[in-house]
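What follows is one structure encoded as structure tokens, with my remarks underneath.
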Amino acid sequence: MNTVHILWTLSTGVYVQPHNIESLVERNATFARTMFNGNQGLRPKLSALIITCLDPRLDPVYVLGTQPGDVAVIRNVGGRVTPDVLRQLALLDAMTPSAGAQPAADPFAIVVMQHDDCGITRMGSRPEELGAYLGLSAPEIDMGSISNPPNTLSHDVSALRKWSSQFGTRYLVTGVLFDVETGLIRKASPEEDA
Ligand SMILES: [Zn+2]
């Protein structure tokens with residue numbers, strides 16, 4: 001049987017089957033044959049970029065119902081706005097005009113999607129590694145805040161808005177929280193979504 005379960009079971013975290021690259025190649029052939037459009041431009045059709053966690057429970061393709069070419073996605077541990085993410089955004093901002101894409105009249109949306117029960121909250125005993133990831137020294141890390149999804153999201157949305165302010169109104173930054181039990185997202189509270 002060529003079925004692949006790359007991911008682990010959601011309830012237990014137990015890895016269920018080894019990777020099977022041949023099955024992935026077959027799945028890709030089906031995708032190329034049935035879904036792929038080779039005439040897409042560089043700019044996402046929905047003029048949006050999603051920054052989210054690599055947790056398999058919140059694959060943005062399914063959570064947000066996107067189609068190929070709709071959005072750009074950056075995924076990392078926690079869906080955090082790390083120094084590396086800001087460097088990537090700067091590169092993306094610089095490369096888009098050179099790729100021939102015309103800046104749209106409407107703002108480009110950047111959506112930070114984080115979630116509850118995130119694995120990053122289990123890193124409290126490893127502040128040095130967490131600090132290196134987040135660009136903070138170990139004493140600067142507030143684990144109480146990191147384990148509180150709304151607080152973390154508010155922090156990252158603020159950081160991203162501060163970064164994007166250098167570009168005027170080019171970017172519109174929004175934060176949403178994904179509920180791992182219901183599958184629903186909700187926007188950050190109104191005061192955080194100013
Ligand atoms: Zn996560």
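These values consider heavy atoms only, across backbone and side chains, with no hydrogens, waters or symmetry-generated copies.
- Partners of Ser165 under the side chain to side chain contact (heavy atoms under 4.5 Å, CB included) rule, at least two apart in sequence or in another chain, do not exist in this structure.
- Closest approach of Thr169 to Pro107, counting heavy atoms only: O-CB, 3.5 Å.
- Take Arg75 and apply the side-chain hydrogen bond (donor to acceptor under 3.5 Å, both in side chains) test, not counting sequence neighbours, and it matches no residue.
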Derivation and outcome, side-chain contact (heavy atoms from CB on, under 4.5 Å), residues Arg80 and Asp156: CA-CA 7 Å; Arg80 297 301 309 270; Asp156 281 9; 2.6 Å; yes
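- Looking at Gln114, its side chain never comes within 3.5 Å of a backbone N or O of Leu177 through a donor-acceptor pair.
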Chi angles and distances behind the side-chain contact (heavy atoms from CB on, under 4.5 Å) call for Val71, Leu64: CA-CA 10 Å; Val71 297; Leu64 305 176; over 6 Å; no
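- Arg161 places a side-chain N or O within donor-acceptor distance of the main-chain N or O of Val173, the cut-off being under 3.5 Å.
- Hydrophobic cluster membership is shared by Val85 and Leu91, with clusters built from Ile, Leu, Val, Met, Phe, Trp and Tyr side chains linked at under 4.5 angstrom.
- With rounding to the nearest 0.5 angstrom, the OG1 atom of Thr152 is 9.0 Å from the CG atom of Leu134.
- Between the side chain of Ser164 and the backbone N or O of Leu160 there is at least one donor-acceptor pair closer than 3.5 Å.
- The neighbour count for Glu181 CD, taken as heavy atoms of other residues, nucleotides or ligands under 6.0 Å away, does not exceed 12.
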Test log, rule side-chain contact (heavy atoms from CB on, under 4.5 Å), inputs Asn76 and Thr82: CA-CA 9 Å; Asn76 65 19; Thr82 63; 4.1 Å; yes
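- Note on residues 59-72: no pairs pass side chain to side chain donor-acceptor pair (under 3.5 Å), not counting sequence neighbours.
- Counting heavy atoms from C-beta on, the side chains of Leu86 and Val81 come closer than 4.5 Å.
- Among residues two or more places apart in sequence or in another chain, the side chain to side chain contact (heavy atoms under 4.5 Å, CB included) test is passed with Ala72 by Pro44, Leu49.
- When side chains are defined from C-beta on, Val157 does not count as touching Thr174, because their heavy atoms never get closer than 4.5 Å.
- Of all heavy-atom pairs between Ile50 and Pro60, the closest is CG2-CB, 4.4 Å.
- The same ILVMFWY cluster, assembled from side-chain heavy atoms under 4.5 Å apart, contains both Val180 and Met113.
- Closest approach of Lys45 to Pro68, counting heavy atoms only: NZ-O, 3.2 Å.
- Evaluation of the ring-ring contact (aromatic ring centres under 6.0 Å, His included) test over residues 32-61, restricted to residues two or more places apart or in two chains, returns Phe31-Phe36.
- For Asp84, the side-chain hydrogen bond (donor to acceptor under 3.5 Å, both in side chains) partners two or more places apart in sequence, or in a different chain, are Gln88.
- Residue pairs meeting the ring-ring contact (aromatic ring centres under 6.0 Å, His included) criterion with at least one partner in residues 115-143, sequence neighbours excluded, do not occur; the list is empty.
- With sequence neighbours excluded, no residue forms a side-chain hydrogen bond (donor to acceptor under 3.5 Å, both in side chains) with Ser158.
- Following chains of ILVMFWY side-chain contacts shorter than 4.5 Å, one cannot reach Ile51 starting from Val61, and the two form parts of different hydrophobic clusters.
- The side-chain heavy atoms of Val63 and Ile185, taken from C-beta on, include a pair separated by under 4.5 Å.
- Contact record, Gly78 with Cys118: CA-SG, 3.7 Å, taken as the closest heavy-atom pair.
- Put simply, CG on Leu130 and CG on Leu136 are 8.0 Å apart, with the number rounded to the nearest 0.5 Å.
- The shortest side-chain heavy-atom distance between Leu172 and Ile110 does not fall under the 4.5 Å cut-off.
- For residues 29-40, no residue pair satisfies the side chain to side chain donor-acceptor pair (under 3.5 Å) rule, not counting sequence neighbours.
- Pairs passing the ring-ring contact (aromatic ring centres under 6.0 Å, His included) check and including a residue from residues 156-188, sequence neighbours excluded, read Trp163-Phe167, Trp163-Tyr171, Phe167-Tyr171.
- Taking 4.5 Å as the limit, some side-chain heavy atom of Ile74 sits within range of a side-chain heavy atom of Leu89.
- Residues in residues 127-139 take part in these salt bridge (charged side-chain N to carboxylate O under 4.0 Å, His left out) pairs, two or more places apart or across chains: Arg126-Glu129.
- A heavy-atom distance below 4.5 Å is not found between the side chains of Val25 and Asn28.
- Under the salt bridge (Lys or Arg N to Asp or Glu O under 4.0 Å) criterion, Asp117 pairs with Arg57, Arg122, sequence neighbours left out.
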Audit row: Val112, Thr52, side-chain contact (heavy atoms from CB on, under 4.5 Å) steps and yes/no: CA-CA 6 Å; Val112 182; Thr52 193; over 6 Å; no
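- No side-chain heavy atom of Val77 sits under 4.5 Å from any side-chain heavy atom of Met123.
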